[in-house]
Amino acid sequence: MEKYDHKSIELKWQKYWQKEKLYKTSETRDKPKYYILDMFPYPSGAGLHVGHPKGYIATDVFARMKMMQGYNVLHPMAWDAFGLPAENYALENKVHPRQAVEENIKKFKSQLLKIGFTYDWGREINTTDPEYYKWTQWIFLQMFKKGLAYESHEPINWCPSCQTGLANEDLENGKCERCGSEIERKPMRQWVLKITDYADRLLNDLEKLPDWEESIKEMQRNWIGRSEGAIVQFSVIASEAKQSNEQDNKLEVFTTRPDTLFGCTYMVVAPEHDLIKNYELRITNYGEVKKYIEQAKKKSDLERTELQKEKTGVELEGLMAINPVNNEEIPIFVADYVMMDYGTGAIMAVPGHDERDWEFAKKYDLPIIEVLKGGDVEKQAFTSDGLHVNSGFLDGLDKKESLEKIIKWLEKNKVGKKAVNYKLKDWVFSRQRYWGEPIPIIHCTKCGAVAVPEKDLPVKLPEVKHYEPTGTGESPLANIKDWVNTKCPKCGGPGKRETNTMPQWAGSSWYWLRYIDPKNDKALVDKKKEKYWSPVDFYVGGAEHATRHLIYARFWHKFLFDIGVVNYPEPFTRLQHVGLILAEDGRKMSKRWGNVINPDEVVEKYGADSLRVYEMFMGPFSGACAWNTNGLIGARRFLENVYKLRDKKLYDCQGGDCKMKELGLPKLLHKTIKKVSEDIENFHYNTAIAQMMIFVNFISGFEVLPRGAFRNFLKLLAPFAPHFAEELWHELGNKESIFKEKWP
RNA sequence: GGGGAUAUGGUGAAAUUGGUAUACACGCUUGCCUUAGGAGCAAGUGGAGCAAUCCGUGAGAGUUCGAGUCUCUCUAUCCCCACCA
């Protein structure tokens, strides 16, 4: 009895597959296609830990089954290598980011190669390759031409530690998602992408994605945050100007409940609101107001939201607003419980029916009017629905009727209109860092921001002596004078290059298209090839990308669809998220805790096939699960039990006459084939493996084994333990790869 | 505060349309064989009891001949968002 020697087996078949070019994607389009995609990794300095390959193994099992089922399979892998992690790693280790990325990719790739994936490495791409980011820049230019990329001077999120601006999506509880620093608001020039133009389509088209997990779709819906309501205009008057008939200004608010307008007894603006600056000379207590604003500014976003215990604010004395529905004069406050980010940065306060407004009104002794029946507004805000009272022409109506009526009234009197508001903000698209795609724009004093002509793409990232962030709000590129100074492509006069770079998410927002046609230098992707391969049939990756990468990716794809580059409006037909693998101690695997397990060691000691079987057997695929070395040994033991089957005497069933028929073997085999096939399709890998174990436990008890049953079993096992199955397959006397066989 | 998910042995977890709860694996117990280190093999393993038997899927109610599964209420944990107007 020979011992199962995983090392020689795995090496042997990896070489064989490479030699036979078994995983090269076919260029012919004569078979049905299946495009299965992993979220590609950042090649960080730490290398892979055993959690990373879980999703890759799952897609690999799936891809192998689809191959055997006769599909033309596209299963590629690449590197998302721009962005802060790579740059920070480079700074820490005092090497150039390009060099760091090269080394890290080498390391990652060697780790992946050992696990035996079906990746077609001929389609490997790298987002930092100029031939790749040429097209990232090209997409930006198309957006610029369509007015979807614009410059803004609005205050944005600034991370003082990473020294760069960030998008809303890059924050976590008011802190930098990457380094945990509290972010500041900083007004600065930024490139912004108008993702809000696509908000409705990004939301509505989720309905066309039945094979996306509901939880991910729900996260996207919440992130887009559509709410229907109305914009209402209030006139603002300054008491000193009353007689002089000074033209009044308007203060606009967004509300989902315009029907409660009769209950509005005061207004609040956010500390950053323009109204305050515009009325500086009319606000009689401007000093006090200014002091309050300064204090509010000092508080980070975090403090502003965390200190919910007591609301604060200051009245803008000398100003009054007119409630358009009853012409009542009401006071205006500045208070930091109103956020500049959401709606118009101002609210109409209805203290009878909103808890925050009620709390504020109680504190500052403001009138509370009941306009919905059903509660006691003296005791607390009544936030449920009720019939309207004290509401003039809305009295006696319910929510639906009164909303319709008030919106009609607002529109007729030109003091408001029906409106939709989104939580989604335009995508702040520039970073003041070195390691990113240069934004292909030239600034000219005469012509303004001018697109770099397409023939001059890519705008290559120049070499620079110091790529540390400057901290001045300018990227390190700004110091390279001979790169910055150039000619305006429009008028030929002196121009300066844009020195901001693109955010980390740019390169990953379209990469699945490049795999289809990786070497094309005439177009981003050949449209005929795209029509065949797109959309991605199955996309597997971490849930943490639900509201960033997956929204950005859908946005870019829809844009490319609109300008005719691609044939389909949605990029990913089916989406599945991977559950984390935690460390043995139940915590996240991290260098910090010293609990990281390197797949190289596992492969060395137990073999890639054991690793693959174990990770698929751990539990339901989308659930988090702690690593357990004993469980891994269990997987190895299963393979050893299969290995022992080699010692059994094989016999051929003649004309359906199987000696083991009475024992129920054919029935069990068919059940196993059915269960494994269905479970792979549904990503229930743990039960697929359990069923194979049942099969092996059963046949282990006999001295003989029907050859056909063993052949079929090996085919079922092959996607999970490819080297192992290939070895036993060839031992049976087969000359071709088991992956060229038909799935049972 | 809003949204989503989950809750079954010592552990990871199974259980078609409601139909023998705990498959498969880990761990543990006992024995055998060996005696250097991921050992192997055999038997056992939800709880209580000598036993027949009784009790068991977070808690409580309901529908049903029958509920882990369906309905309602509650509790706990996890994830996402959050002073969202």
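From a predicted model like this one, the values you see are computed outputs, not experimental measurements. Chain letters run A, B, ... following the sequence lines, proteins first and then strands; every chain starts at 1.
The nearest whole Å value for the distance from the CD atom in A:Q220 to the C1' atom in B:C79 is 16 Å. As rounded to whole Å, 13 Å separates atom C1' of B:C81 from atom CD of A:E169. Distance CE (A:M339) to C1' (B:C84): 10 Å, rounded to an integer number of Å.
A donor-acceptor contact closer than 3.5 angstrom links the side chains of A:N157 and A:N168. Defined by atom type and a distance below 3.5 Å, a donor-acceptor pair is present between the side-chain atoms of A:E169 and A:Y552.
Residues passing the ring pair (Phe, Tyr, Trp, His ring centres under 6.0 Å) test with A:H723 are A:W17, sequence neighbours excluded. Judged as a ring pair (Phe, Tyr, Trp, His ring centres under 6.0 Å), and not counting sequence neighbours, the contacts of A:Y364 are A:F333, A:F360. Partners of A:F555 according to the ring pair (Phe, Tyr, Trp, His ring centres under 6.0 Å) rule, which considers only residues two or more places apart in sequence or in another chain, are A:Y198. Among residues two or more places apart in sequence or in another chain, the ring pair (Phe, Tyr, Trp, His ring centres under 6.0 Å) test is passed with A:H52 by A:H49. Scanning for salt bridge (Lys or Arg N to Asp or Glu O under 4.0 Å) contacts around A:K114 gives A:D600, with sequence neighbours left out. Legend: residues meeting salt bridge (Lys or Arg N to Asp or Glu O under 4.0 Å) with A:D205, ordered by chain and number and at least two apart, are A:K208, A:K558.
A salt bridge does not link A:E703 with A:K649: every distance from a Lys NZ or Arg NE/NH1/NH2 to an Asp or Glu carboxylate oxygen is 4.0 Å or more.
Looking at heavy-atom distances under 4.0 Å, A:G634 makes contact with sugar-phosphate atoms alone, never a base. Residue A:D357 is classed as having no contact, given no heavy-atom separation below 4.0 Å to the nucleic acid.
Between A:H545 and A:W505, the ring planes lie perpendicular to each other; the angle is over 60°, past the 30° to 60° tilted range. Taking the six-membered ring for Trp and thresholds of 30 and 60 degrees, A:H6 and A:Y4 have ring planes more than 60 degrees apart, a perpendicular arrangement.
Residue A:D336 places its side chain closer to B:C83 than to any other of B:C83, B:A85, B:C24. The listed nucleotides are B:C24, B:C81, B:A85; the one nearest the side chain of A:V338 is B:A85.
Remark: the A:K311 side chain and the B:C83 base include a donor-acceptor N/O pair separated by less than 3.5 Å.
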Name each donor-acceptor pair under 3.5 Å that joins a side chain in residues 614-624 of chain A to protein atoms two or more places apart or in another chain, with its distance.
{"unit_1": "A:Y614", "atom_1": "OH", "unit_2": "A:N628", "atom_2": "N", "d": "3.0"}
{"unit_1": "A:Y614", "atom_1": "OH", "unit_2": "A:N628", "atom_2": "O", "d": "3.3"}
{"unit_1": "A:E615", "atom_1": "OE1", "unit_2": "A:K54", "atom_2": "N", "d": "3.3"}

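Aromatic rings of A:F702 and A:F698 (six-membered ring for Trp) have centroids within the 6.0 Å cut-off, being under it.
Taking the side chain as every heavy atom from C-beta outward, A:W212 and A:Q220 approach each other to under 4.5 Å.
Mapped onto RNA chain B by nearest heavy atom, A:A635 and A:I347 fall at different nucleotides, with A:A635 at the one closer to the 5' end. Map A:I694 and A:W223 each onto its nearest nucleotide of RNA chain B; the residue landing nearer the 5' end is A:I694.
Annotation: cation-pi pair A:K423/A:W223 present, NZ/CZ under 6.0 Å from the ring centroid and within 45° of its normal.
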Pairs: protein N or O with nucleotides 9-17 of chain B N or O, under 3.5 Å:
{"unit_1": "B:G12", "atom_1": "O2'", "unit_2": "A:M618", "atom_2": "O", "d": "2.5"}
{"unit_1": "B:A14", "atom_1": "OP1", "unit_2": "A:N686", "atom_2": "ND2", "d": "3.1"}

Name the pairs: protein N/O against N/O of nucleotides 38-41 of chain B, kept only if under 3.5 Å.
{"unit_1": "B:G38", "atom_1": "N2", "unit_2": "A:E640", "atom_2": "OE2", "d": "3.1"}
{"unit_1": "B:G40", "atom_1": "OP1", "unit_2": "A:R637", "atom_2": "NE", "d": "3.0"}
{"unit_1": "B:C41", "atom_1": "OP1", "unit_2": "A:K644", "atom_2": "NZ", "d": "3.3"}

Please tabulate the protein-to-nucleotide N/O contacts below 3.5 Å involving nucleotides 1-7 of chain B, giving atom names and distances.
{"unit_1": "B:G3", "atom_1": "O2'", "unit_2": "A:E218", "atom_2": "OE2", "d": "3.4"}

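Put simply, the side chain of A:K217 gets close to the backbone of A:L209: a donor and an acceptor are under 3.5 Å apart. In terms of modelled atom types and a separation under 3.5 Å, the side chain of A:E584 and the main chain of A:T629 share a donor-acceptor contact.
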Subject >> Dot-bracket notation for RNA chain B, counting Watson-Crick and G-U pairs under 3.5 Å, with | for partners on another strand >> reply: (((((((..(((......[....)))((((((.......))))))(((....)))..(((((..]....))))))))))))....

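As rounded to the nearest Å, B:G44 and B:C74 have P atoms that lie 47 Å from one another. When the C1' atom is used for both B:A61 and B:C24, the distance is 35 Å, rounded to whole Å.
Its glycosidic angle being within 90° of 0, B:G9 falls on the syn side.
An OP1 or OP2 oxygen of B:C84 is reached within less than 4.0 angstrom by a side-chain nitrogen or oxygen of A:R356.
Near RNA chain B, defined here as any heavy-atom distance below 4.0 Å, there are no residues from residues 540-553 of chain A.
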